[in-house]
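Starting from 1, each residue takes its place in the sequence as its number. Because the structure is a prediction, the values reported are computed rather than measured.
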Amino acid sequence: MASSLALGALAIILWFLVHRYRNFARNLAAAKSSGLPVVLMPLNVYSVFWLATYNVWLPLLRKLPSSCHGIWLQLLDPEWAYREGFSPFAKVGSDVLIAVSPSSIHAFVADAEVITQITTRRNDFPKPLQMYTRLNIYGKNVVSTEGLDWRMHRKLTAPSFSDKNNEVVFLESLHHAQALLRLWTGSGGGGDQTINDPATDTMRFALYVISRAGFGVRVAWPHEEEDQQAGMDDAEDSMLVGSKIPPGHKMNYREALSILLENIMWTQVGPPEYLSRSPFKIHREVGTALIEWGKYMNELYSAKEAEIATGQNSGGMDLFGALIRGSGILDDPESGRKTELEKSDLMGNAFVIMLAGHETTANALHFSLVFLAQNLDSQKRLQDDLDRTIQGKPIEKWTFEEEFPRLFNGMAAAVMNETLRMLQPIINIPKSTAPGRPQLVTMGGRTYVIPENTHIYLSCAVHRNPKYWPSPPDDDRYDGLKDVERFRPERWLVDTKAPAAAATEHTKFDDEDLRGPSGADTSAHLFKPVKGSYIPFSDGYRSCIGRRFAQVEILAVLAVIFQHYSVELAVDEFASDAEVEAMRKGGKERKAVWQKAADRADHLLRKTMGSIITLQLRGNTIPLRFVRRGEERFMFD
Ligand code: HEM
Ligand SMILES: *[C@@H]1O[C@H](CO)[C@@H](O)[C@H](O)[C@H]1NC(C)=O
């Protein structure tokens, strides 16, 4: 009996091995026929098993004798595209490589020409929708669909991203940027206090901006609740929320949203009813947040519906209103127009826009601040540039028409661009080829085949491909770093003739209603990357519809902060305030203390970043201080 059980088990294991081997052989043959370099992988790096446990295995594998090391070991780190950058591509001698395991074929692309083919041939290279199901908690949406479904969602959402709405984004960003600055510098504005976890605050900032610009809800910051009425003069039509829990709710809006978005991975464990009964506290909290945010959205929906039905108009600048107006739900049944949309379509889009619209932008702001604290010359140049463009104008007088274009052509935009180059929030933009539909691509005059059923990743390594990012003639390496590995916003301001004028070409939408962001993304006098080589917002049809929204928001907040303040690395871990005070200004000792903080920040940026949806510091923070300009503690020649 026992022996037949053992035999049975053995047979199953054998069958499994043979099966895996045959799959491996098949995948390998397909990959080899592509003409691209192939790396053999023991398993699918993006499988749930590996994503959940690689932190256990990788350090062990790295202890193998170095003769066993190879590119495969580099590629086993799911974040390799960020951590290793272009190096694996350089090693295989190609800007596109294929990684094959028994259960997967992955193509990684760091070539601009191929990226452009993939982003423009949307029927040949669809998004792998199975990766997006977790975004469907409230309903299908513009991020998680393809084909006709996607066209419907894109048409529904595109009007909300007009420049009229971007003006609201600009003004709301100015409002919340000032609140953020008061949080960081204290009510007297003196600053010079250590902010231990700036990322949490930038996340709040972005959440509050999208809340108002998207949904007409102005959230009061916890530190400003008493003066909440003060800021309301320009926002009569928005709903104001603070920490009070309204009747019928168990959580305030602010809390529901933060808990939901910060823990989105738990929403995959099960439906809200299950989560609410889970033995784990965090599950129960997320379950409640999920239900609560849905309730708030429902209320908002009803309020908007009533408003629109009675012909009231809150300016047409809020996303939810625009969604409802565009949805046809309120159309007179008499008129015969079909209602194609479900309410879940609106909820689905509202949620995904909230999600897509806050974490990415918050990271870009957070890391801009860290990079500027590490690169004092660039920070100084940003401030000088702001002095020239803003000329001391008080923030209440800034307008979208006047100030935004200036910011967009100056150092603030260069800082934003460079931050997004170094730290593309979505490090691998997923695409695919369908079963039975291999695709040809050309690269450097040669044709290659991307096999059927391949997961394609547009890799952020393209941002560090030296072919597209020229280093200054006299300075190839600095502190032992290659130019492409350095934060150097100035690279965007050199008046280069673009290597390929193609960067100005816009996607030709067959239907203009799908376009979305208005406004050009380029300026005549600045560095224009080769088309396909700079893809923080992806590119082509499925590029980010919120690009302009994000740019407006980030530039507004950078301008508010750096008009009067500087950001510094906090050095509390290495020296007390009194100790720093005792060291000569600009002297060697101060520099040494600062350097320790800079090295620590550098280490964390290199080693402890991870993606859940976007790339962030995980388990660590880089503390910062904001000080009045002229009162910097760390300035060196
Ligand atoms: C720095 C900030 C941002 C970055 C780096 C960014 C990046 C991206 C990327 C890479 C994609 C393509 C994703 C994919 O292929 O799956 C995308 C799509 C999208 N983003 Fe953003 N995004 C940012 C800000 C925003 C904002 C502020 C909003 C909305 C308020 C937004 C809304 C969307 C939407 C709706 C899509 C889907 C578009 C479609 O497929 O038609 N994003 N974004
Ligand atoms: C930022 O990047 C875009 C390309 O996406 C470029 O056209 C623009 O000129 C850049 N801005 C600055 C200030 O360099």
Side-chain angles (χ1 to χ4, degrees), residues 51-56 58-59 77-85 180 183-184 193-207 258-266 282 355-375 378-379 415-428 459-461 463-464 481 485-487 489 536 550 553-554 557-558 561 567-574 594-626:
L51 287 177
T53 60
Y54 76 94
N55 272 325
V56 179
L58 257 192
D77 178 354
E79 315 286 355
W80 70 266
Y82 167 71
R83 262 194 278 279
E84 313 279 347
L180 178 64
L183 174 69
W184 281 344
Q193 57 196 34
T194 297
I195 311 302
N196 274 315
D197 186 8
T200 300
D201 301 330
T202 58
M203 203 72 108
R204 287 224 167 108
F205 164 80
L207 207 48
S258 311
I259 293 179
L260 181 57
L261 294 184
E262 280 157 30
N263 301 287
I264 180 154
M265 61 282 179
W266 295 124
I282 183 70
L355 182 73
H358 98 290
E359 189 169 306
T360 42
T361 318
N363 292 344
L365 170 59
H366 171 221
F367 292 120
S368 295
L369 297 174
V370 172
F371 283 137
L372 288 169
Q374 287 181 302
N375 294 274
S378 299
Q379 181 170 173
V415 166
M416 171 176 74
N417 276 6
E418 183 70 347
T419 301
L420 291 172
R421 183 186 71 84
M422 299 275 292
L423 280 175
Q424 173 171 354
I426 299 170
I427 66 171
N428 283 311
S459 172
C460 66
H463 290 177
R464 293 191 261 161
L481 276 186
E485 307 292 338
R486 285 170 57 198
F487 176 82
E553 179 176 344
I554 294 167
V557 61
L558 287 179
I561 295 175
V567 64
E568 302 202 310
L569 295 167
V571 300
D572 307 54
E573 198 184 315
F574 309 103
W594 181 86
Q595 194 61 51
K596 280 187 195 160
D599 290 345
R600 177 180 177 275
D602 223 44
H603 171 81
L604 293 181
L605 287 178
R606 263 172 230 289
K607 301 289 180 200
T608 70
M609 302 280 279
S611 305
I612 290 178
I613 291 179
T614 62
L615 191 62
Q616 290 176 27
L617 286 172
R618 304 277 167 199
N620 286 286
T621 68
I622 300 177
L624 297 174
R625 283 194 187 198
F626 294 82

Counting only N and O atoms by type, is there a donor-acceptor contact under 3.5 Å from the side chain of [X] to the main-chain atoms of [Y]?
X	Y	value
Glu568	Arg625	no
Thr419	Phe367	no
Arg421	His463	yes

Hey, could you give me the [atom1]/[atom2] distance between [X] and [Y], rounded to the nearest 0.5 Å?
X	Y	atom1	atom2	answer
Leu369	Gln379	CG	CD	9.0 Å
Thr621	Ile195	OG1	CD1	11.0 Å
Glu79	Ile427	CD	CD1	4.5 Å
Asp77	Glu84	CG	CD	6.5 Å
Phe205	Ile554	CZ	CD1	9.0 Å
Thr360	Leu365	OG1	CG	11.5 Å

Side chain to side chain contact (heavy atoms under 4.5 Å, CB included) between Val415 and Phe487, intermediate numbers included: CA-CA 9 Å; Val415 166; Phe487 176 82; 4.3 Å; yes

Derivation and outcome, side chain to side chain contact (heavy atoms under 4.5 Å, CB included), residues Met609 and Leu423: CA-CA 10 Å; Met609 302 280 279; Leu423 280 175; 3.5 Å; yes

Is it the case that the side chains of Glu359 and Asn363 hold a donor-acceptor pair, with the cut-off being a distance below 3.5 Å and no angle test?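 Side-chain D/A pair, Asn363 to Glu359: absent.
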
Are Val567 and Ile561 close enough, and set up right, to give a side chain to side chain contact (heavy atoms under 4.5 Å, CB included), and what steps lead you there? CA-CA 9 Å; Val567 64; Ile561 295 175; 5.8 Å; no

Kindly give the heavy-atom pair with the smallest separation between [X] and [Y], and that separation in Å.
X	Y	answer
Ala570	Ala597	O-CB, 3.9 Å
Leu569	Ala601	CD2-CB, 4.4 Å
Arg600	Pro623	NH1-CD, 3.7 Å
Glu418	Arg486	OE2-O, 3.2 Å
Leu617	Asn620	CB-O, 3.6 Å
Ala81	Cys460	O-SG, 3.6 Å

With sequence neighbours excluded, tell me which residues meet ring pair (Phe, Tyr, Trp, His ring centres under 6.0 Å) with Trp184.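 So Trp184 forms a ring pair (Phe, Tyr, Trp, His ring centres under 6.0 Å) with Phe626.
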
With His366 via ring pair (Phe, Tyr, Trp, His ring centres under 6.0 Å) - residues at least two apart: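 Applying ring pair (Phe, Tyr, Trp, His ring centres under 6.0 Å) to His366 gives none.
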
Is any side-chain heavy atom of Asp602 less than 4.5 Å from a side-chain heavy atom of Gln374?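 In short, these two side chains touch, coming nearer than 4.5 Å.
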
With the side chain counted from C-beta on, respond yes when Met203 and His358 share a heavy-atom pair under 4.5 Å apart, and no when they do not.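 Yes. Closest side-chain heavy atoms under 4.5 Å.
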
List the steps and the verdict of side chain to side chain contact (heavy atoms under 4.5 Å, CB included) for Leu605 and Ile622. CA-CA 9 Å; Leu605 287 178; Ile622 300 177; 4.2 Å; yes

